[in-house]
Amino acid sequence: MIEPRKSTNFIRQIVDEDLAAGKNGGRVVTRFPPEPNGYLHIGHAKSICLNFGIARDYGGRCHLRFDDTNPSKESVEYVDSIQEDVRWLGFDWGEHLYHAADYFERLYEWAEKLIRDGKAYVDEQSADGIRETRGTLTAGGSESPHRDRPAAENLDLFRRMRAGEFPDGSRVVRAKIDMSSPNINLRDPVMYRLRRESHHRTGDKWCLYPMYDWAHGQSDALEGITHSICTLEFEVHRPLYDWFLDQLGFAPDARPRQIEFARLNLTYTVMSKRLLSSLVQEKRVDGWDDPRMPTIAGLRRRGYTPESIREFAERIGVAKADSTVDVALLEDCIRDDLNPKCRRMTCVHRPLRVVIENYPEGKVEELETPYFPDDPGREGMGSRKVPFSRELFIERDDFAEVPPKKFTRLSPGKEVRLRKAYVLKCVGVVKDDRTGEVIALRGTVDMDAGFDAPKDGRKIGNAIHWVSAAQSLPVTLRLYDRLFTVPNPGAGGQDFRAVLNPASLEVVEGARAEPAVAGLAPGDRCQFERRGFYYVDPKDSAPGKPVLNRIVPLRDAWAKIAKGQ
RNA sequence: UGGGGUGUGGCCAAGCGGUAAGGCGGCGGACUCUGGAUCCGCUAAUCGGGGGUUCGAAUCCCUCCACCCCAGCCA
């Protein structure tokens with residue numbers, strides 16, 4: 001379990017200063033404003049934790065608002081998934097669920113005002129025409145031939161646009177600002193476009209849809225947002241939002257303060273909705289909730305906990321410098337959270353049969369084994385019976401015919417501890433005549449020592465996990481690895497498809513688990529000792545036939561040693 | 001080349017003029033019937049470079065450099 005930590009960042013400092021200055025009557029209102037055009041990912045989680053976290057800590061509130069201004073990309077599937085994900089992360093917007101679409105009428109009235117005031121106009125240039133006259137980064141643009149049309153004519157045109165008299169793409173309304181502004185966003189930005197598209201919320205009421213830039217600032221203002229927290233790319237739009245609010249008469253001290261922070265990047269994955277969407281569309285993963293996806297739904301399906309993601313958001317901090325966080329940090333967060341929570345069980349991933357020649361045939365001992373063995377303070381966390389018999393399965397990896405340096409597990413003539421059971425000695429190796437492959441082991445067990453230390457005082461190095469062959473439960477394991485083979489997929493303009501990790505999912509069909517695993521319910525988590533934390537997949541598990549997703553492997557000191565050799 | 005941002009150890013990130021927190025990673029050790037957990041220790045930053053101001057600068061000023069964002073009728 002994770003200790004909540006106190007966070008401090010430049011945004012909270014700004015909130016502190018505003019409060020100290022007596023702004024907003026002491027209110028703190030934030031918002032999380034997703035566009036419902038895809039599933040939320042861990043980058044959104046950062047923003048969600050930031051916005052809801054500030055609201056919580058300052059006794060304010062955080063709105064959930066869908067910035068649904070573009071019906072051609074949005075859908076209720078996304079609206080629903082977003083709400084589910086935010087709730088799952090542990091946040092509650094109470095009554096404060098909003099939609100930019102609910103402000104369409106109000107925005108329309110405001111647009112009429114701007115037109116009447118000569119601050120906006122209907123432009124019938126083509127999209128290409130507008131682009132060509134926008135200028136370049138270094139040179140200003142040129143004004144539209146329709147820019148100085150009389151207000152009355154603009155108003156008439158605008159109303160007819162709304163009434164559906166003109167085809168899509170035939171005209172737009174633009175703010176009349178400054179075509180020579182060094183800030184391109186101020187070169188008469190488009191406010192409305194015609195789009196005959198059914199909206200998930202307003203249906204076919206409109207054929208005229210506001211641009212995000214025209215909707216966002218006013219939406220915040222309408223809701224009384226005090227601190228409008230967004231990512232860096234909107235920094236250059238801030239002057240535009242201010243311009244709109246100026247024209248509409250919002251007093252400078254009565255509007256949201258926009259604060260920008262750097263979006264999250266994570267190594268070995270991609271974070272843009274566009275890229276994630278194409279992974280789904282091209283079936284390179286199995287949907288938005290594929291456990292390899294950095295989506296909230298994917299992480300949840302993988303077995304991540306809300307606590308671990310919140311802790312992650314806390315640990316990475318918030319700043320304005322572009323950064324890429326090492327996934328190892330995320331993995332540390334989930335291990336940290338799960339380690340004290342998850343019962344320990346046994347699952348042999350790649351079984352190797354061992355016949356114990358000095359153990360009676362047909363005998364089965366039921367060993368009472370605690371779920372948190374050797375864990376001080378957790379003795380009372382329960383136990384289960386684990387069968388022991390003459391034929392076991394051990395992990396193939398735990399046997400080496402010729403042990404490499406520092407290998408401390410089983411090899412011919414050597415002893416190893418069977419976890420929570422006897423000391424096993426390998427007295428023979430059974431091989432396939434044809435291939436020479438090791439297919440079974442012959443062993444003996446130190447009956448004299450029993451479950452205790454050998455009487456002669458000899459030291460037994462390591463303990464390996466095992467399962468009684470006859471009673472073991474066949475399970476399907478899904479071992480997940482990073483989705484990409486390089487830390488920054490897509491960097492330098494390369495096609496991210498070319499660096500997809502072909503081994504990001506390994507399905508292990510022949511694994512054998514101890515009987516208690518049958519008692520796990522869909523959605524349960526456990527630790528398979530010496531392997532990792534696992535999650536019983538809620539969709540693909542059937543009664544008596546669990547499918548377990550590996551959430552994260554345990555830290556593996558041996559892997560490091562082996563890698564070094 | 002216009003405008004807007006950002007540069008602190010491998011990766012995040014504190015620091016807000018008084019002489020570089022913390023986390024992750026890496027490395028080593030202790031302990032261990034999970035090569036897990038836990039516990040110790042170590043590692044590594046001329047604070048992007050160069051000037052200046054100051055008794056004193058990562059923090060202030062100047063300048064240079066690098067990187068990111070903006071030319072959707074996307075958000």
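Throughout, a chain's letter reflects where its sequence line sits, starting with A, and its residues are numbered from 1.
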> Which part of the nucleic acid, if any, lies within contact of A:Glu260, taking any heavy atom under 4.0 Å across all strands shown: a base, the sugar-phosphate backbone alone, or nothing?
Replying inline: nothing
> Looking at B:C70, does its base get a donor-acceptor pair with the side chain of A:Glu233 below 3.5 Å?
Replying inline: no
> Looking only at heavy atoms, what is the nearest atom pair of A:Val173 and A:Met161, with distance?
Replying inline: CG1-CE, 4.0 Å
> Within the structure shown, what part of the strands sits under 4.0 Å from A:Ala127 by heavy-atom distance: base, sugar-phosphate, or nothing?
Replying inline: base
> Atom CG of A:Asp332 and atom P of B:C12: how far apart are they, to the nearest Å?
Replying inline: 17 Å
>> Check the phosphate of B:C74 against A:Thr69, side-chain N and O only, distance under 4.0 Å to OP1 or OP2. Yes or no?
In response: no
> Does A:Arg419 put a side-chain nitrogen or oxygen below 4.0 Å from OP1 or OP2 of B:U34?
Replying inline: yes
>> So A:Val423, base contact, sugar-phosphate only, or nothing? Heavy-atom distance under 4.0 Å.
In response: nothing
> For B:C33, does OP1 or OP2 lie under 4.0 Å from any side-chain N or O of A:Lys459?
Replying inline: no
>> Applying a 4.0 Å non-hydrogen cut-off, can you work out what A:Lys273 is touching in the nucleic acid: base, sugar-phosphate, or nothing?
In response: nothing
> Quick one: which of B:C73, B:C70, B:C74 gets closest to the side chain of A:Leu137?
Replying inline: B:C70
> Quick one: does A:Asp178's side chain get under 4.5 Å of A:Trp243's, heavy atoms only?
Replying inline: no
> For A:Phe234, which contact category applies under a 4.0 Å heavy-atom criterion: base, sugar-phosphate, or nothing?
Replying inline: base
> Do A:Leu548 and A:Phe528 come within less than 4.5 Å of each other through their side chains, counting heavy atoms only?
Replying inline: yes
>> In this structure, how many angstroms lie between the C1' atom of B:A75 and the CZ atom of A:Phe32, rounded?
In response: 12 Å
>> What is the distance, to the nearest angstrom, from the CG atom on A:Asp213 to the C1' atom on B:A71?
In response: 14 Å
> Roughly how far apart, to the nearest Å, are B:G26 and B:C31 at atom P?
Replying inline: 22 Å
> Can you tell me how far CG of A:Asn51 sits from CG of A:Leu64, rounded to the nearest 0.5 angstrom?
Replying inline: 10.5 Å
>> Looking at B:G4, I'd like to know if its phosphate oxygens (OP1 or OP2) sit under 4.0 Å from a side-chain N or O belonging to A:Asn183.
In response: no
>> If I take atom CD in residue A:Glu235 and atom C1' in nucleotide B:G3, what distance separates them, rounded to the nearest angstrom?
In response: 12 Å
> Of the nucleotides B:G35, B:G23, B:G3, which has the atom closest to the A:Arg315 side chain?
Replying inline: B:G23
> How far apart are the closest heavy atoms of A:Tyr534 and A:Leu479, and which atoms are they?
Replying inline: OH-CD2, 3.8 Å
> Just checking A:Glu74: base, sugar-phosphate only, or nothing, at a heavy-atom cut-off of under 4.0 Å?
Replying inline: nothing
> Counting any heavy atom closer than 4.0 Å, what does A:Phe407 reach on the DNA or RNA strands: base, sugar-phosphate only, or nothing?
Replying inline: base
> With sugar-phosphate meaning primed atoms plus P, OP1 and OP2, does A:His237 contact a base, only sugar-phosphate, or nothing at under 4.0 Å between heavy atoms?
Replying inline: base
> Think A:Arg195 has a side-chain N or O under 4.0 angstrom from the OP1 or OP2 of B:C74?
Replying inline: yes
>> Assuming nearest nucleotide by heavy-atom distance, tell me which of A:Ala321 and A:Ile464 is located more 5' along RNA chain B.
In response: A:Ala321
> Going from CZ on A:Arg147 to CG on A:Asp188, what distance comes out if it is rounded to the nearest 0.5 angstrom?
Replying inline: 4.0 Å
>> Return whichever of A:Gln527 or A:Pro34 has its heavy-atom-nearest nucleotide of RNA chain B closer to the 5' end.
In response: A:Gln527
> Roughly how far apart, to the nearest Å, are B:G52 and B:A13 at atom C1'?
Replying inline: 29 Å
>> For B:U34 and A:Lys420 - does any side-chain N or O of the residue sit under 4.0 Å from the phosphate oxygens OP1/OP2?
In response: no
> Does B:G9 pair with anything, Watson-Crick or G-U wobble, both distances under 3.5 Å, and if so, with which nucleotide?
Replying inline: none
>> So A:Arg238, base contact, sugar-phosphate only, or nothing? Heavy-atom distance under 4.0 Å.
In response: nothing
>> Taking atom types as they are modelled, would you say the side chain of A:Arg409 forms a donor-acceptor pair with the base of B:G35 within the 3.5 Å cutoff?
In response: yes
> For B:G26, which nucleotide is its Watson-Crick or G-U wobble mate, given both distances must be under 3.5 Å?
Replying inline: B:C42
>> Can you confirm if the NZ or CZ of A:Arg171 lies within 45° of the ring axis of A:Phe166 and under 6.0 Å from the centre of its six-membered ring?
In response: yes
>> Starting the side chain at C-beta, find the nucleotide from B:C74, B:G36, B:C24 nearest to A:Ala557.
In response: B:G36
> When we call it a touch if two heavy atoms are under 4.0 Å apart, what does A:Ser323 touch: a base, just sugar-phosphate, or nothing?
Replying inline: sugar-phosphate
>> For a quick test of reading the model, state the closest non-hydrogen atom pair linking A:Cys347 to A:His349 and the distance between them.
In response: O-CD2, 3.2 Å
>> Side chain of A:Val325 only, heavy atoms from C-beta on: which candidate in B:C12, B:C73, B:U34 is closest?
In response: B:C12
> Any side-chain N or O of A:Arg555 under 4.0 Å from OP1/OP2 of B:C24?
Replying inline: no
> B:U34 P sits how many Å from A:Leu554 CG, rounded?
Replying inline: 12 Å
> Picking from B:U34, B:A75, B:A13, which would you name as closest to the side chain of A:Asn70?
Replying inline: B:A75
> Where the side chain of A:Arg344 is concerned, which of B:C73, B:C12, B:G36 is the nearest nucleotide?
Replying inline: B:G36
>> Please classify the nucleic acid contact of A:Leu194 as base, sugar-phosphate, or nothing, using heavy-atom distances under 4.0 Å.
In response: nothing
>> Categorize A:Ser126 for me: base, sugar-phosphate, or nothing, with a 4.0 angstrom heavy-atom threshold over every strand shown.
In response: base
> Any side-chain N or O of A:Gln13 less than 4.0 Å from the OP1 or OP2 oxygen of B:G15?
Replying inline: yes
>> Quick check with a 6.0 Å cut-off and a 45 degree axis cone: is A:Arg162 positioned over the face of A:Trp206's six-membered ring?
In response: yes
> Across the strands shown, which category fits A:Val172 at heavy-atom distances under 4.0 angstrom: base, sugar-phosphate, nothing?
Replying inline: base
>> Applying a 4.0 Å non-hydrogen cut-off, can you work out what A:Ala262 is touching in the nucleic acid: base, sugar-phosphate, or nothing?
In response: nothing
> So which heavy atom on A:Arg344 is nearest to which on A:Leu338, and how close?
Replying inline: NH2-O, 4.3 Å
>> Whether A:Arg193 contacts B:C74 is assessed here as follows: a side-chain N or O lying under 4.0 Å from the phosphate OP1 or OP2. Is that the case?
In response: yes
>> Between P on B:U34 and CH2 on A:Trp466, what's the gap in Å once rounded to a whole number?
In response: 15 Å
>> When the P atoms of B:G56 and B:C69 are compared, how many Å lie between them, rounded to an integer?
In response: 41 Å
> Applying a 3.5 Å limit to both distances, which nucleotide forms a Watson-Crick or G-U wobble pair with B:G72?
Replying inline: none
> Side chain of A:Lys73: nearest nucleotide among B:U1, B:C74, B:G35?
Replying inline: B:C74
> Rounded to the Å, how far apart are A:Asp336 CG and B:G36 C1'?
Replying inline: 13 Å
